Amino acid sequence: MEATTALWSFALVVGLLTLTPGLDTALVLRTSAVGHRARAWGVVLGIQTGTLLWGALTSLGVTALLTASQLAYDILRWAGAAYLVWIGVQMLRNTFRGLPATDGAEDEGPTDRDSLAAGWRQGTLTNLLNPKVGAFYVAVLPQFLPAGGDHFTMGLLLTSEHIVLGLLWSTVLIAFARLLRDQLRKPRARRCLDRLTGTVIAAFGVRLALSN
């Protein structure tokens, strides 16, 4: 496969993957909808940081361990599942404790601080603790690496395509969420949004724990 063909083909694959609703979409939408713009962009940058690391590690052949070693995969899978369930339960618990829906970090749970750094940590951990992202890169990325070329450089170039598409789509999600910000920041709407997002995130964690 020629480099130009590989770039276009990979862009199509990861473009469809990016548009598919999932955990990343839920995190970005919820964080932005409640008015946490800095944290929302932190989550976006964190997710893309994780994507870059997965792509780089795959290009180096390190993440092949996830497919070669069931133990390595299971350890990462359980760690990721526990982290996602913890986030989801925290969000659900806060809605039933009647915490105020404000922007003040002192009034909110640990997942709600409007901080770029806090969002980056959450996005990075969410992405890196999801072994399915690594498995996707191990299974798909090598198919688009031209024979005889510099696999590491080409792998980073393909990963960069994924990151750019992810940033563009996240920009659309954040803009959409901001249009509904005033309605979604009302206490009742905020509780419903947090319960929905918390349930989705916890469900992803349980699904990850039960997956083979």
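Position 1 is the first residue of the sequence; numbering continues from there. The structure displayed is predicted, hence computed values, not measured ones.
- At least one side-chain heavy atom of Q48 sits less than 4.5 Å from a side-chain heavy atom of L167.
- Closest approach of V206 and V85 over heavy atoms only: N-CG2, 4.0 Å.
- Residues V13 and W8 fall into different hydrophobic clusters, defined by Ile, Leu, Val, Met, Phe, Trp and Tyr side chains chained together at heavy-atom separations under 4.5 Å.
- Other residues, nucleotides and ligands place no more than 12 heavy atoms under 6.0 Å from the CZ atom of R37.
- Between the CG atom in L157 and the CZ atom in F152 there is a gap of 12.0 Å [rounded to 0.5 Å].
- The hydrophobic clustering, which links ILVMFWY residues whose side-chain heavy atoms are closer than 4.5 Å, places L129 and W78 apart.
- Both F176 and W41 are assigned to one and the same hydrophobic cluster, defined by single-linkage of ILVMFWY side chains at heavy-atom distances under 4.5 Å.
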query = Going through the checks in order, is the side-chain contact (heavy atoms from CB on, under 4.5 Å) test met by H162 and L52?
reply = CA-CA 9 Å; H162 194 182; L52 177 61; over 6 Å; no

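- Taking CE of M154 as the reference point, atom OG of S59 lies at 10.0 Å (rounded to 0.5 Å).
- Within the 4.5 Å cutoff, the side chain of H36 has no heavy atoms near those of the V43 side chain.
- Annotation: side chain of I174 is not in contact with side chain of L29 (no heavy-atom distance under 4.5 Å).
- Contact of the I47 side chain with the T124 side chain is not registered, since no non-hydrogen atoms from C-beta on lie closer than 4.5 Å.
- For the residue pair L116 and A38, the shortest heavy atom distance occurs at CD1-O, 3.4 Å.
- Interatomic distance, CZ of R30 versus CG of L196, reported as 11.0 Å (0.5 Å rounding).
- Here the CD1 atom belonging to I163 is positioned 8.5 Å from the CG atom belonging to L156, to the nearest 0.5 angstrom.
- Here T49 contributes atom OG1 and R121 contributes atom CZ; the two are 13.0 Å apart, rounded to the nearest 0.5 Å.
- Proximity of T159 to Y137: side-chain heavy atoms (C-beta onward) are separated by under 4.5 Å at one or more points.
- Here NE2 of H151 is found 12.5 Å from CG of L60. Values are rounded to the nearest 0.5 Å.
- Contact check for V138 versus W54: no side-chain heavy atoms found under the 4.5 Å cut-off.
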query = Which is it for V140 and F10 under the side-chain contact (heavy atoms from CB on, under 4.5 Å) test, yes or no, and what are the steps along the way?
reply = CA-CA 9 Å; V140 175; F10 190 73; 4.1 Å; yes

Cut-off 3.5 Å, no hydrogens considered: what does the side-chain donor-acceptor table look like for residues 19-26, sequence neighbours left out?
residue, atom, partner, partner atom, Å
T20, OG1, L16, O, 2.8

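- Scored by the ring-ring contact (aromatic ring centres under 6.0 Å, His included) test, F136 finds no partners at all (sequence neighbours excluded).
- A heavy-atom distance below 4.5 Å is found between the side chains of E161 and L158.
- Side chains of S32 and L173 form no contact here, defined as non-hydrogen atoms less than 4.5 Å apart.
- In the hydrophobic clustering of this structure, L92 does not group with W86; members are Ile, Leu, Val, Met, Phe, Trp, Tyr whose side-chain heavy atoms approach within less than 4.5 Å, directly or through other members.
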